[in-house]
Student: 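This structure is in structure tokens; I'll ask about it shortly.
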Amino acid sequence: MNADDIGDDLLDVLISAERLQARISELAARVDADYAGRELLLVGVLKGAVMVMADLARAMHLPVRMDWMAISSYGSGTKSSGVVRILKDLDTDISGKHVLVVEDIVDSGLTLSYLVNNLQSRDPASVAVCVLLRKRAAAQMPVDVAYTGFEIADEFVIGYGLDYAERYRNLPFIGTLAPHAYT
Ligand code: IMP
């Protein structure tokens, strides 16, 4: 899927596919260096982190393990419901393991702070967070993020895993949605 396929629902391309890949390679190199000699479990948060998880893992040299959690915090609107619940838990026991949570975006921070607290209660060796996007005005809940791809303004974005009402996830770039597409 590309810009032409969604026509005037797309307001702007915020981060091109090339910039995404270049930044993810940089993050992968940092994660490789930071976890050298240790076993790392990447925990991707479904569904938004599918693309960043796939590209980050492939850009890394360490032989990581991968697992997934599904969490619901948004309805089909554009703002957090504030209610976080686990829809799918990990298949892996993380006690004694180094865990890197891979997430698409931090907005209010509710989802990630819930998730990190939840994982920390399982007695892992460490828990760190990698997010592709961080909204500048965000953070009702403080979250310690070790690896951030891009800081963006407080606007609703789509593409590269991020959806509006389950659409646009398969755009290869991050874009902004035209208001008529969600009002
Ligand atoms: P938070 O709990 O408010 O930090 O929201 C985190 C979750 O909300 C992310 O994992 C996304 O699934 C979703 N989300 C937040 N902002 C956006 C956006 O701009 N576009 C699409 N999804 C978003």
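Just follow the structure's listing: the first ligand is 1, and inside any ligand the first atom is 1. None of these values were measured; they are calculated from a predicted model.
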Student: Step by step, work out the side-chain contact (heavy atoms from CB on, under 4.5 Å) result for Ile6 and Ile158.
Tutor: CA-CA 11 Å; Ile6 67 170; Ile158 50 160; 4.2 Å; yes
Student: Report yes or no: does a heavy atom of Gly48 sit under 4.0 Å from some atom of ligand 1?
Tutor: no
Student: Measure the NZ-CG distance between Lys97 and Leu119 for me, rounded to the nearest 0.5 Å.
Tutor: 12.5 Å
Student: For Leu112, is the nearest heavy atom under 4.0 Å from an atom of ligand 1?
Tutor: no
Student: Which pair of non-hydrogen atoms, one from Val99 and one from Pro124, has the smallest distance, and what is that distance?
Tutor: CG2-CB, 4.3 Å
Student: Using heavy-atom distances only, which candidate in Val157, Thr111, Val84 approaches atom 7 (C) of ligand 1 most closely?
Tutor: Thr111
Student: Tell me whether ligand 1 is touched by Lys47 - counting only heavy atoms on the residue side and a distance under 4.0 Å.
Tutor: no
Student: Can you check salt bridge (charged side-chain N to carboxylate O under 4.0 Å, His left out) on Lys47 and Glu166, steps first, answer last?
Tutor: CA-CA 9 Å; Lys47 304 166 193 169; Glu166 294 299 326; 3.2 Å; yes
Student: Taking 4.0 angstrom as the limit and counting only heavy atoms of Ser108, give me the atoms of ligand 1 inside it, by number and element.
Tutor: 1 (P), 2 (O), 3 (O), 4 (O)
Student: For residues 35-44, run the donor-acceptor check on the side chains, cut-off 3.5 Å, and write out each pair with its distance to 0.1 Å, sequence neighbours left out.
Tutor:
unit_1: Arg38; atom_1: NH2; unit_2: Asp34; atom_2: O; d: 2.7
unit_1: Glu39; atom_1: OE1; unit_2: Arg65; atom_2: NH1; d: 2.7

Student: Indicate whether any N or O donor in one side chain lies under 3.5 Å from an N or O acceptor in the other, for Asp67 and Thr92.
Tutor: yes
Student: Do any nitrogen or oxygen atoms of Phe156 lie less than 3.5 angstrom from nitrogen or oxygen atoms of ligand 1?
Tutor: no
Student: Using a 4.0 Å heavy-atom cut-off, say whether Leu162 meets ligand 1 through its side chain, its backbone, both or neither.
Tutor: side chain
Student: Against heavy atoms of Glu103, which atoms of ligand 1 measure under 4.0 Å?
Tutor: 10 (O)
Student: Regarding Asn170 and Tyr160, is there a side-chain donor-to-acceptor distance under 3.5 Å anywhere?
Tutor: no
Student: Find all atoms of ligand 1 within a distance of less than 4.0 Å from any non-hydrogen atom belonging to Asp163, and give their numbers and elements.
Tutor: 21 (C)
Student: Given the rule in the side chain to side chain donor-acceptor pair (under 3.5 Å) test, do Asp9 and Tyr168 qualify, once you have shown the distances and angles that lead to the verdict?
Tutor: CA-CA 10 Å; Asp9 280 2; Tyr168 314 113; 2.9 Å; yes
Student: Going by distance only, is there an N or O of Ile158 that falls short of 3.5 Å from an N or O of ligand 1?
Tutor: no
Student: With salt bridge (charged side-chain N to carboxylate O under 4.0 Å, His left out) as the criterion, how do Arg134 and Asp104 come out once you've worked through the C-alpha distance, each side chain's angles and the decisive distance to 0.1 Å?
Tutor: CA-CA 9 Å; Arg134 184 168 199 155; Asp104 50 1; over 6 Å; no
Student: As an exercise, identify every atom of ligand 1 less than 4.0 angstrom from a heavy atom of Asp104.
Tutor: 9 (C), 10 (O), 11 (C), 12 (O)
Student: What are the atoms of ligand 1, with element, lying closer than 4.0 Å to any heavy atom of Lys135?
Tutor: 16 (N), 17 (C), 18 (C), 19 (O)
Student: So if I count the atoms of ligand 1 from 1 in the order they appear, which ones are less than 4.0 Å from some heavy atom of Leu110?
Tutor: 2 (O), 4 (O)
